[in-house]
K.L.:
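After the structure tokens below, expect a handful of questions from me.
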Amino acid sequence: MIPTDDIIAVTQNVLGTMLQYDAIPSGGTVATPSDVLLTGRIAINGEWNGAVLFQMSESLATSAAGRLLMMDTTDVGNEDRVDTLAELTNMIGGNIKSIVPGPSSLSLPTVSRGDEPIAAAKIIGQVQLDCEGDGIRVLVCSD
């Protein structure tokens, strides 16, 4: 089990450092029903096997891509959103990897639209945070 406080701290640190976003723990929804949910996923393999999923709405991903890539949000395209979410997922996953038993390695991150199926994985940690007036969620799953 990974302590919720550790997942929150990792997520707040990455979002604060990379985007200057404040992320506050919340019980709110991940995204508004009218918005598309994007899910970044990265696997951790080695002494400990599992995955980290990082979810946010498409509109928040647009805002994040604008900040990270120093672009006007009207110029942000799907590839920019995917690249930004993949990078954030990689950074959060790398920090989570340092918490789980090692040695281990990270896969390349993937990004999908919708709520990524977790299949046979067991959720061992989950946090929901408010960020820029929207919700984000981080799930840590073990195989």
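Basis for what follows: all heavy atoms, side chains included, without hydrogens, waters or symmetry-related copies. If you read the sequence from its start, that first residue is 1, and numbering goes on from there.
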K.L.:
Suppose we screen for side chain to side chain donor-acceptor pair (under 3.5 Å). Which residues come up paired with D75, at least two apart in sequence or across chains?
P.N.:
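With sequence neighbours excluded, D75 shows a side chain to side chain donor-acceptor pair (under 3.5 Å) to no residue whatsoever.
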K.L.:
What is the minimum heavy-atom distance between A43 and N45, and which atoms define it?
P.N.:
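Here A43 and N45 meet closest at CB-ND2, 3.9 Å.
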K.L.:
Distance check, rounded to the nearest 0.5 Å: Q12 atom CD versus D22 atom CG?
P.N.:
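If we round to the nearest 0.5 Å, Q12:CD and D22:CG are 8.5 Å apart.
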K.L.:
Report yes if some heavy atom in the side chain of R113 is under 4.5 Å from a heavy atom in the side chain of N78; otherwise report no.
P.N.:
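A side-chain contact under 4.5 Å exists here.
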K.L.:
Return yes when atom CD of E79 has more than 12 non-hydrogen atoms of other residues, nucleotides or ligands closer than 6.0 Å, and no otherwise.
P.N.:
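Open: at most 12 neighbouring heavy atoms sit under 6.0 Å from CD of E79.
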K.L.:
For V52, run the side chain to side chain contact (heavy atoms under 4.5 Å, CB included) check against V100, I42, I7 and tell me which one passes.
P.N.:
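So the option named by the test is I42.
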K.L.:
Please find the pair of heavy atoms, one from S104 and one from W48, that lie closest to each other, and give the distance.
P.N.:
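Heavy-atom minimum between the residues: CB-O, 4.4 Å.
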K.L.:
How long is the span from the CD atom in E47 to the CG atom in N49, to the nearest 0.5 Å?
P.N.:
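Here the interatomic distance stands at 9.0 Å.
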K.L.:
Answer whether the closest heavy-atom distance between the side chains of L129 and S26 falls below 4.5 Å.
P.N.:
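With C-beta onward as the side chain, the pair stays apart.
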K.L.:
If every non-hydrogen atom of L88 is compared with every non-hydrogen atom of M56, which pair is closest and at what distance?
P.N.:
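Smallest interatomic distance, heavy atoms only, reads CD1-CE, 4.3 Å.
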K.L.:
Is I99 close to V10 at the side-chain level, that is, under 4.5 Å between some pair of heavy atoms?
P.N.:
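Sidechains of I99 and V10: in contact.
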K.L.:
Can you tell me if Q55 and T39 form a side-chain donor-acceptor pair at under 3.5 Å?
P.N.:
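Yes - a donor-acceptor pair under 3.5 Å links their side chains.
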K.L.:
What are the two closest non-hydrogen atoms of G66 and T73, and how far apart are they?
P.N.:
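Minimum heavy-atom contact is CA-CG2, 4.4 Å.
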K.L.:
Can you measure from CE (M71) to OG1 (T62) and round to the nearest 0.5 angstrom?
P.N.:
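Going from CE on M71 over to OG1 on T62, the span is 10.0 Å.
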K.L.:
For residues Y21 and S63, determine if any side-chain heavy atom of one lies less than 4.5 Å from a side-chain heavy atom of the other.
P.N.:
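Of all side-chain heavy-atom pairs linking S63 with Y21, at least one is under 4.5 Å.
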K.L.:
Atom CD1 of I24 and atom CD of E132: how far apart are they, to the nearest 0.5 Å?
P.N.:
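Separation between the atoms: 10.0 Å.
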K.L.:
Could you check whether any side-chain N or O of D83 sits under 3.5 Å from a backbone N or O of D80, counting only pairs where one atom can act as donor and the other as acceptor?
P.N.:
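Pair absent, no side-chain N/O of D83 close to backbone of D80.
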K.L.:
Are any non-hydrogen side-chain atoms of I44 and L106 less than 4.5 angstrom apart?
P.N.:
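Yes, side chains in contact.
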K.L.:
Which heavy atom of V111 sits nearest to which heavy atom of A86, and what is that distance?
P.N.:
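Scanning both residues, the minimum pair turns out to be CG2-N, 3.8 Å.
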K.L.:
To the closest 0.5 Å, what do you measure between CZ (F54) and CD1 (I136)?
P.N.:
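One gets 4.5 Å once the value is rounded to the nearest 0.5 Å.
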K.L.:
Using the rule side chain to side chain contact (heavy atoms under 4.5 Å, CB included), only one of N95, N90, I96 pairs with I92; which is it?
P.N.:
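The residue from N95, N90, I96 that satisfies side chain to side chain contact (heavy atoms under 4.5 Å, CB included) with I92 turns out to be I96.
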K.L.:
Under 3.5 Å, is there a donor-acceptor pair between the side chain of T84 and the main chain of R81?
P.N.:
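No; zero donor-acceptor contacts below 3.5 Å.
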K.L.:
To the nearest 0.5 angstrom, please state how far the CD1 atom of I2 sits from the CG atom of L139.
P.N.:
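Here the rounded value is 11.5 Å.
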K.L.:
Compare every heavy atom of I124 with every heavy atom of S142, then report the nearest pair and how far apart it is.
P.N.:
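For S142 and I124, the tightest heavy-atom pair comes out as OG-CG2, 3.6 Å.
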